[in-house]
Amino acid sequence: MSATATRLRRIAAVATAAVAVTACSGAVLLPPSVSSNDRGVGPVVESMRRTISDPNAIVPSRSVQESTLIGASSTSPLDILVVGGGATGCGVALDAATRGLRIGLVEREDFSSGTSSRSTKLIHGGVRYLEKAVFNLDYGQLKLVFHALEERKQVIENAPHLCHALPCMTPCFNWFEVVYYWMGLKMYDLVAGRHILHLSRYYSVQESIELFPTLARKGKDKSLRGTVVYYDGQMNDSRLTVGLACSAALAGAAVLNHAEVVSFLKDEGSERIIGAKIRDNLSGQEFETYAEVVVNAAGPFCDSVRKMANKDAQPMICPSSGVHVVLPDYYSPEGMGLIVPKTKDGRVVFMLPWLGRTVAGTTDSNTSITALPEPHEDEIQFILDAICDYLNVKVRRTDVLSAWSGIRPLAMDPTAKNTESISRDHVVCEDFPGLVTITGGKWTTYRSMAEDAVNAAIKSGKLSPRNECITGNLRLVGGDGWESSSFTVLAQQYVRMKKTHGGKVVPGVMDTASAKHLSHAYGTLAERVATIAQNETLGKRLAHGYPYLEAEVAYCARNEYCESAIDFIARRSSLAFLDTDAAGRALPRIIEILAKEHNWDRSRQKQEMQKAREFLETFKSLFSGRF
């Protein structure tokens, strides 16, 4: 009787919240935009937008970018120096550059090498956060969902080639769950308001099986009663970050990967931070760069950056590990995800189609901060066990093609009096003069996080931007003018010229899979990659069963700051995340092409192979031992 009463109370709570949200739709469902997107937009800003969207625009070379940073002296400093090249750091660089400020960015490894490439690949408002907001009557959580849903729509619109709406199916094994999830997800639609992607709806058992053939009709002593399908966004996270970095470079920012802050420069009188000593990790050269303000966007490593400024700085990061596994494509249909709403530890587990395979995750456990986090076997097994009860496919450990761990930088505000609760929202603070730290938050809200950080930097440095923030309505490189049918131009007008093992050049068709891949990965710039494939006999696929072409390695080396084999297999493509075995087989050819582009000697090529193999060993598929 008590269980029934609890269920009724839950339904009543959801219904009451839905009515409340609907009643105040004028004030809540249609909130004013968080950013001042179009105010102050003049001819200069429109010219910048045209530059970023120009399919013939070329990013400055890495050497030019480094020279710009070296040239930022004490008498002619940058306005802002950004430390960290993840989604937030690159977002800060783009935001500030499009406001007319002089910007530099340095990243110790590669753009998106940390948390930003190890996400669930979702752009979402947070269904779980909405549930907590309702049952805990937590308006703060509700505001997080409002904000994230607004940002979700903007991220998809600003990079349409890399992001899209994805339906997610929630299985229901009794009628209470049908009513509960239907009402909860309708409320999710209501909260999204004008930023909604598509309406959620209920599907019968037969309709659900037709949409998701591997869905089990029976669970543990339960029979499927139907499903509720709702929509969130999906992205190619690493390429989205690289797109942000390249867009920032085209807007005038000096972005430099594989460059590390060694120490900060301080004013002798005021002790304010006025720049940094930087080491180029490719050449070993060290140099000084001066800036009015430094923005710390180092993600999980932001505390180590803060300790460079003040060795007694109190930690503000509580790291959490999120593990994901990649399974073959037959685990999920191409256009439908699955959400497992109840796991042993109370978390939600997603199983989503992604780049021709299935990604499943995630876990949430305490971890230490390391440069290359590795998934534990029990975490991998936890995910497999969680999805097993919902599928009619035998879930096998040997099907895991790749598994990885990412560190979420959950943030505590060091200036707050009460640090008991760790925020899922972002924190911006300046606890040392001249050093603004931005951390926490989530991928979906990177743009508004960047906006807040730039606003704080402007205040700290008394800077004078030319205009206000415009990133809420700014297509990233490759996005402007892109259509979902753009791949047909590649398929009809280009061929893939391939060189056989005997040295003979033979033409190959630009098949639909390759054309679609290029179009989605590079947007309106895809024809430049196709031209290389056709004119430079680099049209062969890098790995059997995957659409990645040799031409992409050359293109990324010339146009996307791809400086190592790991840069390509993990960030320019996602081959390491999709299939460690395939990535290992592709390495020799990738290194051969990069060696030609960057003039590597035999020693450097050998070093690249060794580093890449060690990197792939941190992706715990059962194939890893082959390397």
Side-chain angles (χ1 to χ4, degrees), residues 80-89 91-92 105-109 114-116 138 140-141 143-144 260-278 291-322 364-371 373 405-443 445-446 448-461:
I80 299 173
L81 174 65
V82 184
V83 181
T88 305
V92 170
L105 178 148
V106 291
E107 160 58 45
R108 181 174 60 184
E109 297 296 334
T115 305
S116 296
D138 187 339
Q141 288 276 4
K143 283 200 301 183
L144 283 179
E260 180 177 3
V261 170
V262 178
S263 61
F264 284 124
L265 308 175
K266 296 181 180 179
D267 181 83
E268 292 181 3
S270 66
E271 287 291 297
R272 180 183 174 87
I273 290 176
I274 55 172
K277 179 180 280 189
I278 297 165
E292 299 288 355
V293 186
V294 176
V295 171
N296 172 14
F301 300 96
C302 82
D303 278 340
S304 59
V305 174
R306 291 170 62 242
K307 285 181 185 296
M308 286 186 196
N310 176 11
K311 66 181 189 318
D312 298 322
Q314 293 298 309
M316 61 184 297
I317 292 297
C318 181
S320 169
S321 169
D364 188 6
S365 54
N366 295 330
T367 187
S368 57
I369 298 175
T370 58
S405 174
I407 301 174
R408 300 184 194 90
L410 303 181
M412 300 176 290
D413 188 343
T415 63
K417 294 179 180 178
N418 180 6
T419 57
E420 291 178 3
S421 62
I422 298 167
S423 175
R424 291 276 175 169
D425 199 0
H426 63 274
V427 173
V428 181
C429 65
E430 185 180 10
D431 52 348
F432 197 91
L435 180 66
V436 172
T437 295
I438 171 74
T439 192
K442 58 181 183 176
W443 229 118
T445 58
Y446 85 86
S448 64
M449 289 170 63
E451 182 179 352
D452 289 347
V454 174
N455 289 342
I458 290 170
K459 182 178 179 181
S460 171

Kindly indicate whether a cation-pi arrangement holds for Arg272 with Phe432, taking the cut-offs as under 6.0 Å to the six-membered ring centre and within 45° of the axis. no
Correct closest heavy-atom pair for Phe264 and Val294 would be CE2-CG1, 3.9 Å
Are any of the side-chain heavy atoms of Val261 and Lys277 separated by less than 4.5 Å? no
Under the ring pair (Phe, Tyr, Trp, His ring centres under 6.0 Å) rule, collect the residues that match up with Tyr446, sequence neighbours excluded. Trp443
So do Ile369 and Ile317 actually touch side chain to side chain, heavy atoms under 4.5 Å? yes
Going by heavy atoms in the side chains, are Ile273 and Leu265 under 4.5 Å from each other? no
Would you check if Val428 and Val436 make a side-chain contact, meaning some heavy-atom pair closer than 4.5 Å? yes
Does atom NZ (Lys459) have a neighbourhood of more than 12 heavy atoms from anything else shown, all under 6.0 Å? no
Ile438 and His426, any side-chain heavy atoms less than 4.5 Å apart: yes
Distance-minimising heavy-atom pair for Ile407 and Pro319: CG2-CB, 3.7 Å
Side-chain contact, heavy-atom cut-off 4.5 Å: Val427 with Met316? yes
In terms of heavy-atom contacts, Ala276 and Leu81 come closest through CB-CD2, 3.9 Å
Side chain proximity check, Glu107 to Glu109, heavy atoms < 4.5 angstrom: yes
Under 3.5 Å: donor-acceptor pair, side chain of Asn296, backbone of Cys302: yes
Ser270 side chain vs Asp267 backbone, donor-acceptor pair below 3.5 Å: no
Exercise: identify the closest heavy-atom pair between Glu430 and Ser460: OE2-OG, 2.6 Å
With a 4.5 Å limit on heavy-atom distance, are the side chains of Ser405 and Ser321 in contact? yes
Taking the side chain from Lys307 and the backbone from Ala313, do they hold a donor-acceptor pair closer than 3.5 Å? yes
State the SG-CZ distance between Cys318 and Arg408, to the nearest 0.5 angstrom. 11.5 Å
side-chain hydrogen bond (donor to acceptor under 3.5 Å, both in side chains) between Thr439 and Arg306, intermediate numbers included: CA-CA 12 Å; Thr439 192; Arg306 291 170 62 242; over 6 Å; no
Using a cut-off of 6.0 Å, state whether more than 12 heavy atoms not belonging to Lys266 lie near its atom NZ. yes
For Ala297, is there any backbone N or O sitting under 3.5 Å from a side-chain donor or acceptor partner on Thr88? no
